[in-house]
Amino acid sequence: MQLDIHPLHPVFAAEVIGLDLTQGTDPELANKIHAAMDQYSVLVIKNQHLNDDQQMAFAQSLGTLESTPAQVSIDKQRLKHRAMVDISNLDESGALLGANDRRRLFNLGNMLWHTDSSFKSTPALYSMLHARAIPPEGGNTEFADMRAAWDTLAPAVQQRIEYSVCDHSLLYSRALLGFDAFTQEEQQTFAPVPQRLVRKHPGSGRRSLFLASHIGAVHGMPRPEALMLIRDLMEHATQKERVYAHPWQVNDLVIWDNRCTMHRGRAYDDQRYTRDMRRLTLQDSAPTLLQPA
Ligand code: OGA
Ligand code: MN
């Protein structure tokens, strides 16, 4: 059986129809999903009534889960699985996070363009975000195609940055919003890691720009020049024609390839409405500097 795939955008992103992932994923289906991901980078699968265990089982059928933290440390997890990232505005009792809650202020960083876990030495492969509750307005997630971003760069710029290496850290992206309430332990956990700026996407052989708001330095470049270059590339990569905006419905599952997309959350009234999203993240094979150029 072929996957029933409907493109959502001229250059990437597609919806897959007719799947029921509560029934588990056999290797044949997993392979078809990988092939579709290699082509489209973002897949939307609607009407998936997954609980946490089923979402875990689906994610594990596609690869190895990330286990190290991607968030500031919290005393009590709301979610039962440690690997599940809580992309919500709720505390462990299910109440809305207050305006000054540290977790809320940290999570606002998800509204900056980024790729998940580029601040870890081995970054993320896919992220799989499932919507359990959504606000009546706002709260879209936007995706940008970083292979198209590379393809459309001027050749002189491509040559200039081809072998560049950037430092990524959560400390850098949060500093952009003035968030600096990191404990000493977090400062160590989130110390900068080097990543290639230009990657080769194994499944398609295409190059992609590996950008994120987590970048705070480019090796061998004065800092203002580096940050200006990154800002320019970000602007180029996120032009409207390379962006797909996803309007969520409950039980949407969206999978994206962090090697060749960026994404960001959009605003909603989080002091009034619940938005409960849960993310599982697969690990890439190795640090980007150890992957083929
Ligand atoms: C994420 C993320 C944005 C959003 O789940 O990694 O950045 O719209 N989400 O919630
Ligand atoms: Mn993210």
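Residue indices begin at 1 and follow the sequence shown.
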| query | Hey, mind stepping through Glu225 and Arg231 against salt bridge (Lys or Arg N to Asp or Glu O under 4.0 Å) and telling me if it holds? | reply | CA-CA 10 Å; Glu225 184 185 354; Arg231 197 179 270 229; over 6 Å; no
| query | Under 6.0 Å from the CG atom of Asp4, do we count more than 12 heavy atoms belonging to anything else shown? | reply | yes
| query | Does some side-chain heavy atom of Leu29 sit less than 4.5 Å from a side-chain heavy atom of Leu19? | reply | yes
| task | Return yes if some donor-acceptor pair links the side-chain N/O of Gln60 with the main-chain N/O of Thr64 below 3.5 Å, else return no. | result | no
| Without hydrogens or angle criteria, can the side chains of Asn251 and His49 be said to hold a donor-acceptor pair below 3.5 Å? | yes
| field | Heavy-atom side-chain proximity of Tyr172 to Asp167 below 4.5 angstrom | value | yes
| said: For the CG atom of Asp26 and the OG atom of Ser61, what is their distance to the nearest 0.5 Å? | reply: 9.0 Å
| Cluster question for you: counting only ILVMFWY and a side-chain heavy-atom cut-off of under 4.5 Å, with indirect links fine, are Val193 and Leu211 together? | no
| query | For the rings on Trp256 and Tyr126, is their centre-to-centre separation under 6.0 Å? | reply | no
| remark: Interatomic distance, CG@Leu253 vs CG@Asn47, rounded to 0.5 Å, equals 11.5 Å
| said: Is it the case that the side chain of Asp91 and the backbone of Ala95 share a donor-acceptor pair, with hydrogens and angles ignored and the cut-off at 3.5 Å? | reply: yes
| query | Does one hydrophobic cluster hold both Trp113 and Phe106, with members joined at side-chain heavy-atom distances below 4.5 Å? | reply | no
| Any idea which heavy atoms bring Ala286 and Leu290 closest together, and the distance? | CB-CB, 4.3 Å
| For Leu112 against His114, the heavy-atom pair lying closest together | O-ND1, 2.7 Å
| message | I need the minimum non-hydrogen distance between Glu142 and Ala245, along with the two atoms involved. | response | CG-CB, 3.9 Å
| How about Arg279 and Thr281: does a side-chain donor come under 3.5 Å of a side-chain acceptor? | yes
| request: Answer with yes or no whether the side chains of Ser204 and Arg147 bring together a donor and an acceptor at under 3.5 Å. | output: yes
| said: What I want to check is whether the side chains of His246 and Asp252 have a donor and an acceptor closer together than 3.5 Å. | reply: yes
| task | Pick out which of Ser118, Ser127, Ser41, Ser117 makes a side-chain hydrogen bond (donor to acceptor under 3.5 Å, both in side chains) with Asn258. | result | Ser127
| request: Output yes when a side-chain donor or acceptor of Arg196 lies under 3.5 Å from a complementary backbone atom of Val165, and no otherwise. | output: no
| Looking at side-chain heavy atoms only, is the closest gap between His219 and Cys166 below 4.5 Å? | no
| request: Using modelled atom types only, decide if a donor and an acceptor are shared between the side chain of Gln249 and the backbone of Lys46 within a distance under 3.5 Å. | output: no
| Would Gln55 and Leu280 count as a side-chain contact (heavy atoms from CB on, under 4.5 Å) if you check the C-alpha gap in whole Å, the side-chain angles of each, and the deciding distance to 0.1 Å? | CA-CA 8 Å; Gln55 190 178 345; Leu280 286 168; 3.8 Å; yes
| note | Closest heavy-atom pair, Gly139 versus Arg275, reported as atoms and distance to 0.1 Å, is O-NH2, 2.9 Å
| Residues Asp232, Met228; criterion side-chain contact (heavy atoms from CB on, under 4.5 Å); working and verdict | CA-CA 6 Å; Asp232 258 349; Met228 195 59 244; 4.1 Å; yes
| Arg104 versus Asn89: any side-chain heavy-atom pair under 4.5 Å? | no
| query | Have Asp276 and Thr274 got a donor and an acceptor in their side chains that come within less than 3.5 Å? | reply | no
| Does any non-hydrogen side-chain atom of Asp270 lie less than 4.5 Å from one of Leu97? | no
| Does Ala36 offer a backbone N or O that forms a donor-acceptor pair with the side chain of Gln39 under 3.5 Å? | no
| query | Does some side-chain heavy atom of Val11 sit less than 4.5 Å from a side-chain heavy atom of His9? | reply | yes
| query | Does a donor on one side chain and an acceptor on the other come within less than 3.5 Å for Gln291 and Arg259? | reply | no
| query | Do Arg264 and Met111 come close enough that some side-chain heavy atom pair is under 4.5 Å? | reply | no
| request: Go through the steps for Phe12 and Arg242 under the test side-chain contact (heavy atoms from CB on, under 4.5 Å), then give the verdict. | output: CA-CA 8 Å; Phe12 75 136; Arg242 287 187 274 285; 5.9 Å; no
| task | Give, for atom CG of Leu125 and atom CE of Met128, the distance between the pair rounded to the nearest 0.5 Å. | result | 8.0 Å
| said: Using the rule salt bridge (Lys or Arg N to Asp or Glu O under 4.0 Å), only one of Asp38, Asp145, Asp151 pairs with Arg206; which is it? | reply: Asp151
| Is the His214-Phe119 ring centre distance short of 6.0 angstrom? | yes
| query | If you look at every heavy atom in Pro123 and Arg199, which pair is closest and at what distance? | reply | CG-NH1, 4.3 Å
| message | Let me check something: do Ile87 and Val44 share a hydrophobic cluster, defined by ILVMFWY side-chain heavy atoms less than 4.5 Å apart, either directly or through other members? | response | yes
| Given the rule in the side-chain contact (heavy atoms from CB on, under 4.5 Å) test, do Leu129 and Ile255 qualify, once you have shown the distances and angles that lead to the verdict? | CA-CA 6 Å; Leu129 187 61; Ile255 314 175; over 6 Å; no
| N/O donor-acceptor pair under 3.5 Å between Arg207 side chain and Glu162 backbone | no
| said: Within this structure, what is the OH-CZ distance for the pair Tyr244 and Phe143, rounded to the nearest 0.5 Å? | reply: 8.0 Å
| request: Verify salt bridge (Lys or Arg N to Asp or Glu O under 4.0 Å) between Glu28 and Lys32, making sure each step is shown before the conclusion. | output: CA-CA 6 Å; Glu28 194 190 336; Lys32 285 178 186 160; 3.3 Å; yes
| request: Tell me whether the centres of the aromatic rings in Phe210 and His168 are closer together than 6.0 Å. | output: yes
| Do Met221 and Leu197 belong to the same hydrophobic cluster, where Ile, Leu, Val, Met, Phe, Trp and Tyr are linked whenever their side-chain heavy atoms lie under 4.5 Å apart, directly or via other members? | yes
| hydrophobic_cluster_shared for Phe58 and Leu79, side chain cutoff 4.5 Å | yes
| query | From Glu92 CD over to Asp86 CG, what is the distance, rounded to the nearest 0.5 angstrom? | reply | 10.0 Å
| query | Just wondering, more than 12 heavy atoms not from Lys200 lying within 6.0 Å of its NZ? | reply | no
| task | Of all the heavy-atom pairs spanning Val16 and Ile5, show the shortest one and how long it is. | result | CG2-CG1, 4.4 Å
| said: Between Gln159 and Ala156 (side chain of the first, backbone of the second, donor and acceptor by atom type, cut-off under 3.5 Å), is there such a pair? | reply: no
| message | Looking only at the side chains, is there a donor atom on one of His263 and Asp116 sitting less than 3.5 Å from an acceptor on the other? | response | yes
| query | Side chains of Val42 and Asp257: closer than 4.5 Å at any heavy-atom pair? | reply | no
| said: Using the salt bridge (Lys or Arg N to Asp or Glu O under 4.0 Å) definition, which of the options Arg78, Arg132, Arg82 pairs with Asp52? | reply: Arg132
| said: One pair to check against side chain to side chain donor-acceptor pair (under 3.5 Å): Thr22 and Gln54. What are the steps and the verdict? | reply: CA-CA 6 Å; Thr22 60; Gln54 290 165 327; 4.8 Å; no
| remark: Given the options His236, Gln239, Glu241, Gln158, Thr152 meets side-chain hydrogen bond (donor to acceptor under 3.5 Å, both in side chains) only with His236
